[in-house]
Amino acid sequence: MFHVVDYHATLLGIGGMELNAYGDGINQWPYISTGVPKLRRFQFIYNIDEHGSAIRDGDYKLIFGNTDKHSTDFTGKFRLYRITTDPTESKDISKDNPAIVARMKAKLLSLANFSRKNPENCHVMYV
């Protein structure tokens, strides 16, 4: 997974700096230049707040509530998508995969609890 948080670390890598990560980002330059990743991200936190939360783990993305702060439609339920086969997140597969939902929900709630207890260190949970 390549995300906007990787831009800074990757640009530093392109500039010749030897680093695997910087802040929340991963240096993706080795992967771009050679096709072989040095580090890979398998989990990503999209958002954790009172409006909604979302986490990606491998092929799956779990969403709770509504992550769009401008919308008033708060569903209050967990939705699961396999984004490698459903990139538009159109088919909620949470009912068919309760074990995946439970595992990802536990991780998301653990990270939310960590960030509330350690607001000054919450950046460490993203990489």
Side-chain angles (χ1 to χ4, degrees):
M1 281 185 261
F2 195 111
H3 190 266
V4 69
V5 298
D6 298 330
Y7 290 174
H8 193 188
T10 302
L11 289 172
L12 292 172
I14 290 169
M17 193 174 204
E18 292 288 326
L19 74 159
N20 290 325
Y22 183 84
D24 292 343
I26 293 173
N27 176 9
Q28 299 283 4
W29 180 238
Y31 186 42
I32 294 168
S33 61
T34 67
V36 178
K38 223 175 178 182
L39 288 178
R40 297 197 68 181
R41 176 183 291 113
F42 295 98
Q43 179 176 285
F44 188 82
I45 308 303
Y46 291 94
N47 195 37
I48 297 177
D49 71 17
E50 68 274 7
H51 299 284
S53 302
I55 185 173
R56 178 172 175 181
D57 191 353
D59 291 350
Y60 297 97
K61 181 177 180 182
L62 184 72
I63 300 172
F64 174 72
N66 185 355
T67 56
D68 180 0
K69 294 180 182 181
H70 303 292
S71 175
T72 57
D73 179 31
F74 182 77
T75 62
K77 70 173 192 162
F78 285 91
R79 299 177 314 278
L80 180 69
Y81 302 97
R82 187 171 192 164
I83 58 175
T84 52
T85 57
D86 180 18
T88 61
E89 300 172 8
S90 59
K91 185 174 189 274
D92 179 2
I93 59 170
S94 59
K95 288 186 170 109
D96 299 328
N97 298 278
I100 295 171
V101 171
R103 177 178 51 82
M104 292 179 71
K105 178 182 174 183
K107 182 67 170 179
L108 188 62
L109 294 174
S110 170
L111 292 170
N113 188 40
F114 175 84
S115 66
R116 276 193 289 278
K117 288 181 178 177
N118 304 284
E120 70 284 352
N121 294 322
C122 66
H123 67 279
V124 300
M125 67 186 189
Y126 295 111
V127 175

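The first residue in the sequence is number 1, and the count goes up from there.
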Q: With the 4.5 Å side-chain cut-off for hydrophobic clustering, are Ile83 and Val5 part of the same group?
A: yes

Q: Answer yes or no: is there a donor N or O on one side and an acceptor on the other, between the side chain of Thr34 and the main chain of Pro30, under 3.5 Å?
A: yes

Q: When clusters are formed by joining ILVMFWY residues with side-chain heavy atoms under 4.5 Å apart, either directly or through shared neighbours, do Ile32 and Val36 land in the same one?
A: no

Q: Please list, chain by chain and in numerical order, all residues satisfying side chain to side chain donor-acceptor pair (under 3.5 Å) with Asn20, sequence neighbours excluded.
A: none

Q: Checking Asp59 side chain against Arg82 main chain: does a donor-acceptor pair fall under 3.5 Å?
A: no

Q: Using the salt bridge (charged side-chain N to carboxylate O under 4.0 Å, His left out) definition, which of the options Lys107, Arg103, Lys105 pairs with Asp57?
A: Arg103

Q: Going by the rule side-chain contact (heavy atoms from CB on, under 4.5 Å), which residues pair with Ser94 if we only count those two or more places apart in sequence or in a different chain?
A: Leu80, Asp92, Val101

Q: Under the side chain to side chain contact (heavy atoms under 4.5 Å, CB included) rule, what do Met104 and Tyr60 come out as? Steps first, then yes or no, please.
A: CA-CA 9 Å; Met104 292 179 71; Tyr60 297 97; 3.7 Å; yes

Q: Hey, could you give me the CG/CD distance between Asp6 and Gln28, rounded to the nearest 0.5 Å?
A: 4.5 Å

Q: Nearest 0.5 angstrom please: Asp86 CG to Lys61 NZ, how far?
A: 10.5 Å

Q: What's the verdict on side chain to side chain contact (heavy atoms under 4.5 Å, CB included) for Leu12 and Asn27, showing C-alpha distance, side-chain angles and the deciding distance?
A: CA-CA 8 Å; Leu12 292 172; Asn27 176 9; over 6 Å; no

Q: How long is the straight-line distance from CD of Glu89 back to CD1 of Ile63, given to the nearest 0.5 Å?
A: 4.5 Å

Q: Give the intermediate values and the outcome of side chain to side chain contact (heavy atoms under 4.5 Å, CB included) for residues Arg79 and Leu62.
A: CA-CA 6 Å; Arg79 299 177 314 278; Leu62 184 72; over 6 Å; no

Q: If you round to the nearest 0.5 Å, how far is CD1 of Ile14 from CH2 of Trp29?
A: 5.0 Å

Q: Could you state the interatomic distance from CZ (Phe78) to CG (Leu108), rounded to the nearest 0.5 Å?
A: 6.0 Å

Q: Which heavy atom of Ile93 sits nearest a heavy atom of Asn97, and at what distance?
A: O-ND2, 2.9 Å

